[in-house]
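Structure first, then comments.
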Amino acid sequence: MSRRDLVLLTDHSSTEGSRDVLATAVRTLTGGEPVHLDARHFMAGGSGRIEADGEGRVRLTADGRSVTAGAVVVYEIPPHRRRAFADCQRRLRALGVRSLGADPEAWRAATEKDLTVARFARDGVAQMPSAVLSGASPETAAAAFERLGGDVWARPCVGMGGEDVFHVTTPGQLEVAARRYAEAGVDWLIARDAGNFLPDGRRHQYRVVVLRGEVVRAVEHVQADPDAPCNECRGAVSTLLDVAELPDGLAELAISAAGSLGLELAGVDLAAESGGVVFEANVHPAFGPYALEQIALPYVAAHLAG
């Protein structure tokens, strides 16, 4: 293999489809096929091995295959598996592999939302007031709910696609959410509602993709149900925007959020209301229309640049 060949390391159990778009980007930029390896082999307990080959490249061995490359493109690792993947990231970093996905601390800070809140608070990134309620007594949860105005969003600290995210406006709804998280054994938090409504009452927010400190993509999500998350998989409608169409300050806010978490690539969800606030930053923003040109090609090109 040449030094410009790439290993595409993704979780092959994922059905998101991002690796297909990334493979197209590799073919477009190099004229060759990427080497597909299943990231699960390199998670805790897996049989995968990563070794230096003595020529500035690395050799990855898994599932009876051994391949060598100078760069490893990491993507499509589900949130609940990222901790198990951390040792692989540390190994890639220690060997000096060209990879934008080799920082487990940044991934953890973005994946675990209680850590995200703490990091944003530390760095002055605007966000809605919130409270971590994992293991909190009913009295403590009720007090936090009242302190945040009695209109909040409850969410698990680790989640995906708006799963188990609830709009909570009554003590009864808070109790139901708390019971759901307790039964699932997950940590959770609440955050004050940002009041991100269009004049017709629909919810809206923005997804801004940042790559190495530069905005490469902007999308507006509009949700007809004011009590549902603004995720496409929850019924929100997405409209691709020119970056210049973003409300003033949002591009800069997204860049600051990605920088606070240490992410070289981040899909930052934020709203212009409440003075401009960040909700979260996604380690692996899902691909959509025009993602090949706007995300996949520049992301792969950054690995080729060294």
Side-chain angles (χ1 to χ4, degrees), residues 74-75 79 82 89 93 99-132 148 152-153 155 157-160 162 165 189-196 203-221 229-231 238-288 291 294-296 298-299 301-302 305:
V74 179
Y75 217 86
R82 289 175 189 163
Q89 292 174 285
R93 173 171 280 191
S99 179
L100 274 66
D103 189 338
E105 288 74 27
W107 278 30
R108 185 179 178 193
T111 302
E112 300 179 25
K113 304 312 176 186
D114 51 337
L115 300 184
T116 303
V117 168
R119 190 69 67 89
F120 286 171
R122 183 197 71 183
D123 295 336
V125 177
Q127 60 183 327
M128 295 306 295
S130 62
V132 178
L148 294 175
V152 303
W153 287 84
R155 63 186 306 166
C157 288
V158 177
M160 185 175 181
V165 175
L189 52 79
I190 58 174
R192 182 180 295 165
D193 189 287
N196 50 322
R203 291 267 183 190
H204 77 129
Q205 64 185 52
Y206 300 89
R207 162 69 60 85
V208 178
V209 179
V210 178
L211 175 62
R212 286 188 161 177
E214 180 180 349
V215 173
V216 295
R217 179 179 172 87
V219 177
E220 183 179 31
H221 297 305
C230 277
N231 298 80
S238 296
T239 302
L240 187 67
L241 304 177
D242 187 280
V243 174
E245 295 180 88
L246 284 170
D248 290 346
L250 286 198
E252 294 78 8
L253 182 57
I255 292 169
S256 69
S260 173
L261 298 171
L263 293 174
E264 296 203 77
L265 176 74
V268 183
D269 292 336
L270 67 177
E273 289 79 10
S274 295
V277 290
V278 178
F279 298 133
E280 66 175 339
N282 298 270
V283 171
H284 293 155
F287 290 160
Q294 295 182 335
I295 305 177
Y299 185 65

Which atoms form the tightest heavy-atom contact between [X] and [Y], and what is the distance?
| X | Y | answer |
| --- | --- | --- |
| Leu250 | Gly276 | CD2-CA, 4.4 Å |
| Ser256 | Val125 | O-CG2, 3.9 Å |
| Pro104 | Ala102 | CD-O, 3.4 Å |
| Met160 | Pro79 | SD-CD, 3.5 Å |
| Ala109 | Arg119 | CB-NH2, 3.5 Å |
| Arg192 | Leu148 | NE-O, 3.1 Å |

Inter-residue atom distance [X].[atom1] - [Y].[atom2], 0.5 Å rounding:
| X | Y | atom1 | atom2 | value |
| --- | --- | --- | --- | --- |
| Leu253 | Gln127 | CG | CD | 10.0 Å |
| His221 | Asn196 | NE2 | CG | 12.0 Å |
| Leu100 | Leu263 | CG | CG | 10.5 Å |
| Arg207 | Leu270 | CZ | CG | 10.0 Å |

Quick one: side-chain contact (heavy atoms from CB on, under 4.5 Å) partners of Thr116, sequence neighbours excluded?
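Result, side-chain contact (heavy atoms from CB on, under 4.5 Å) vs Thr116: Lys113, Phe120, Leu261.
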Which residues pass the side-chain contact (heavy atoms from CB on, under 4.5 Å) test with Asp114, sequence neighbours left out?
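Residues passing side-chain contact (heavy atoms from CB on, under 4.5 Å) with Asp114: Glu112, Val132, Cys157, Leu189.
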Less than 4.5 Å apart, any side-chain heavy atom of [X] and any of [Y]?
| X | Y | value |
| --- | --- | --- |
| Val243 | Gln294 | no |
| Glu280 | Arg155 | yes |
| Asp269 | Asn282 | yes |
| His204 | Glu273 | yes |
| Pro285 | Leu265 | yes |
| Arg93 | Asp103 | yes |

The complete set of ring pair (Phe, Tyr, Trp, His ring centres under 6.0 Å) pairs with one or both residues in residues 263-285, sequence neighbours excluded, reads Tyr75-His284, Trp107-His284
Does Arg217 use its side chain to pair, donor to acceptor, with the backbone of Val209 at less than 3.5 Å?
no
Considering residues, nucleotides and ligands other than Asp242, do more than 12 of their heavy atoms fall under 6.0 Å from its CG?
yes
